[in-house]
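Heads up, the thing below is written out as structure tokens.
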Number of protein chains: 2
Amino acid sequence: MNHARVTLSDIAQRAGVSPATVSRVLNGDPRVAPARVARINEIIEELGYAPNRAARTLATGRTGLVAAVIDSNLNVFSDPFWGIITTGVSRALQDSGMQALLMVRPLDDADPQVMGTLAPGHVDGAIFFQLHNDNVVRQLQDLGLPCVVVGRPDDAASFTYVDSDNFGGAEIATTHLLKRGCTRVATIAGDVRLSSGRLRLDGFRSALAHAGIELDESFVVFGDWTDESGEAAMNELLNRHPDIDGVFIANDAMAIGALAVLDDRGIDVPGQVAVVGFDNMFAGRIGRKQLTTVQQDVEALGATAASMVIEAIQGAVPKSVILPTHLVVRETA
Amino acid sequence: MNHARVTLSDIAQRAGVSPATVSRVLNGDPRVAPARVARINEIIEELGYAPNRAARTLATGRTGLVAAVIDSNLNVFSDPFWGIITTGVSRALQDSGMQALLMVRPLDDADPQVMGTLAPGHVDGAIFFQLHNDNVVRQLQDLGLPCVVVGRPDDAASFTYVDSDNFGGAEIATTHLLKRGCTRVATIAGDVRLSSGRLRLDGFRSALAHAGIELDESFVVFGDWTDESGEAAMNELLNRHPDIDGVFIANDAMAIGALAVLDDRGIDVPGQVAVVGFDNMFAGRIGRKQLTTVQQDVEALGATAASMVIEAIQGAVPKSVILPTHLVVRETA
DNA sequence: CGGGTTTGTGAAAACGCTTTCACCGATACT
DNA sequence: AGTATCGGTGAAAGCGTTTTCACAAACCCG
């Protein structure tokens, strides 16, 4: 144990200056004589000094920590995205000299753990994922904690959030089907209790409206994001309308299920029925056909959230952001 | 701004005792008079006091933080597991009153960012994922930082690690094929530069040896974990040995590719060729058949790593752990 | 009942940094 | 030449805890 952790005073002593000066160098204070700056940096390098975070926090009131809070009430396990998102968050924060504190918790009304750890003074800001309960965020926000939520919250006006353009993506996907010449297009919608489910359905509707097509509501079937529900929905759709020639499916997992059904029934894709999914979750070939789908930039979602929270910490009032999505055309449409 | 963050001294004053006594209550020191304890706790409750972490850290030298470090040199994006693993880590740490600090970094030899943030005094311990370079861990360990690595490191003796039983899983998967009556079994191995790749291949070999079967090395083909490589490998295998009747594939992604090939060639699964994968990555139905595969308890991996690092922090010398895997029998074998 | 132990408590010194304030010498202005 | 300005620096006071040490008061024992 070489408990001799090197401290700021050590540097000061070695350099023959006061601790104050070393501190200034550390914080890029321009008023230090260049020669000294160089000398001090040299010594810092040589001794491998790294400032003590706790002490700094205590002195400044800033922790350098941003909490990434994941609501484990919802489908944490099944969502392969959030690993990527948190990667984006972590990277962006580190670029600003901050660190990400990871909290996976059921975000119930007043979880003392969450409130305790997140109360101002413990972290500088927080990013929330997969929110299904606004209350905690609202409370923390009221306490003065800079908060950003990833994914459009139900009460979008009260929070600053970042989300992918679900509406636009659905619109462009549907338009792609129409441009292909599909005339009888249907959709398998996701859970409309989630904003992403609603917006993707709205985008579908909007595309049809723009094309002057009146939507028969029997062409809309609802799933719950799982591949099984995609199967069921596709069967339902085919039973109702054996002649559909295009379907927009609100996520890739359901699309997988739907493709399996089409395959089982011997329906040619995209010859007889064109299929577009949403998420670009399975980069490679899954099943027999490569899925045409809408891609979101998942890491950017995280990075943007991080930038926003940093802005907020610095006192700005960041405006919510919608990140563009784009169509990835492959085999199924 | 009610900047009036309530502090320990506030409590002390209000209770008419010294700060020292409040501190003792906070830390469960048994020497405080019960009546006072009650009174002080009451006031703490009433004022909503929460101790300042930074100050505590400064005084004790303990940060309450464990870093979860992910080596982004490797396939961070494609691995849906690590989100689950970090969930396990985060949960387990919070149960012990600690927090997880997330770092996603290319873990190159001496990343100053990593070394700086992880140098003793900044975190109490660290957990490493997807390691492809021992050096950083070795250095930090030498500096006295309690470290645990998830996934068997190449130099297993130097580190304490936790891993799933890759060998045992592969063995049981292969044995399952043999028990089914397969007599000409092959394997698509993963990247043998990774311990998981090696161990799964070894497990396959071991199962055959136990069954008294001599392995013809031409029944072993190597992939790189991707579905495309699975396709290629399966084609190769079928070209070499059109009569194989069982194949153990070292991960599910490659199995997906292989299944697509079998399907394209009109080979019945499991009738003509039985297939077992590894990972249980795609819980639902992917492609036409539900994959029989080996499942690892991914969240336990994270939770165990967390427990181990906590032990290490408390001074124990935890022994490395291998977590059991088990076969999930579905349609393909 | 006096000496020695306990028990419960407070004063005060850390912990390692930032930041205010005061200061001093040098430069700039009139 | 004298004063105002400014750039560069150090002393010292925090920041909110924990912890050592000393010290009363209450207890035990013979």
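Just so you know, these numbers come straight off a predicted model, no measurement behind them. In what follows, every chain begins at residue 1, and chains take the letters A, B, ... in the order their sequences are listed.
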Proximity to the side chain of A:V32 - top-ranked nucleotide from C:dG10, D:dT18, D:dT9: D:dT9
Smallest heavy-atom separation, B:M308 atom then B:P318 atom, equals O-CG, 3.6 Å
Side chain of B:S9: nearest nucleotide among D:dT17, C:dG8, D:dT9? D:dT17
Without decimals, in angstroms, what is the distance between A:L47 CG and C:dG16 P? 15 Å
Regarding the side chain of A:L58, the nearest nucleotide among D:dC15, C:dC17, D:dG10 is D:dC15
Measuring from atom CD1 of A:I322 to atom CG of A:D165, what distance do you get when rounded to the nearest 0.5 angstrom? 6.5 Å
Taking only side-chain N and O atoms of A:R56, does any of them lie within less than 4.0 angstrom of OP1 or OP2 on C:dT18? yes
Atom CZ of B:R39 to atom C1' of C:dG8: distance rounded to whole Å? 18 Å
C:dT9, C:dT18, D:dT9: which one has an atom nearest the side-chain heavy atoms of A:R36? D:dT9
Under a 3.5 Å distance rule, please check whether A:N27 uses its side chain to pair with a backbone N or O of A:S23 as donor and acceptor. yes
If you check the A:A20 side chain, which of C:dT9, C:dG10, D:dA11 turns out closest? D:dA11
What is the distance, to the nearest angstrom, from the CD1 atom on B:I44 to the C1' atom on D:dT17? 13 Å
Less than 4.0 angstrom between a side-chain N/O of A:N52 and OP1 or OP2 of C:dC15, yes or no? no
Scanning both residues in full, the closest heavy-atom pair of B:N52 with B:Y49 reads N-OH, 4.4 Å
Do B:R24 and C:dG10 have a side chain to base donor-acceptor pair shorter than 3.5 Å? yes
Please report the shortest heavy-atom distance between B:L118 and B:A67, naming the atom on each side. CD1-CB, 3.8 Å
Could you report the tightest heavy-atom contact between A:L140 and A:C147, atom names first, then the distance? CB-SG, 4.3 Å
Atom pair distance, as rounded to whole Å: CG in B:N27 and C1' in D:dT17: 9 Å
Taken to the nearest whole Å, CZ/B:R31 to P/D:dT18 is 13 Å
Just the rounded figure in Å: distance from C1' of C:dG8 to CG of B:D29. 10 Å
Closest nucleotide among C:dT9, D:dG16, C:dC17 to the B:A59 side chain: D:dG16
Atom-pair distance (CG on A:D10; P on C:dC17), nearest Å: 8 Å
Can you tell me how far C1' of D:dG16 sits from OH of B:Y49, to the nearest Å? 7 Å
Counting side-chain heavy atoms from C-beta on, which of C:dC17, D:dT19, C:dA11 comes nearest to A:A55? C:dC17
Across the strands shown, which category fits A:T60 at heavy-atom distances under 4.0 angstrom: base, sugar-phosphate, nothing? sugar-phosphate
Closest listed nucleotide, where the reference is the side chain of B:P51 and the choices are D:dT17, D:dG10, C:dT18: D:dT17
Does B:T7 have a side-chain nitrogen or oxygen under 4.0 Å from the phosphate oxygens OP1 or OP2 of D:dT17? yes
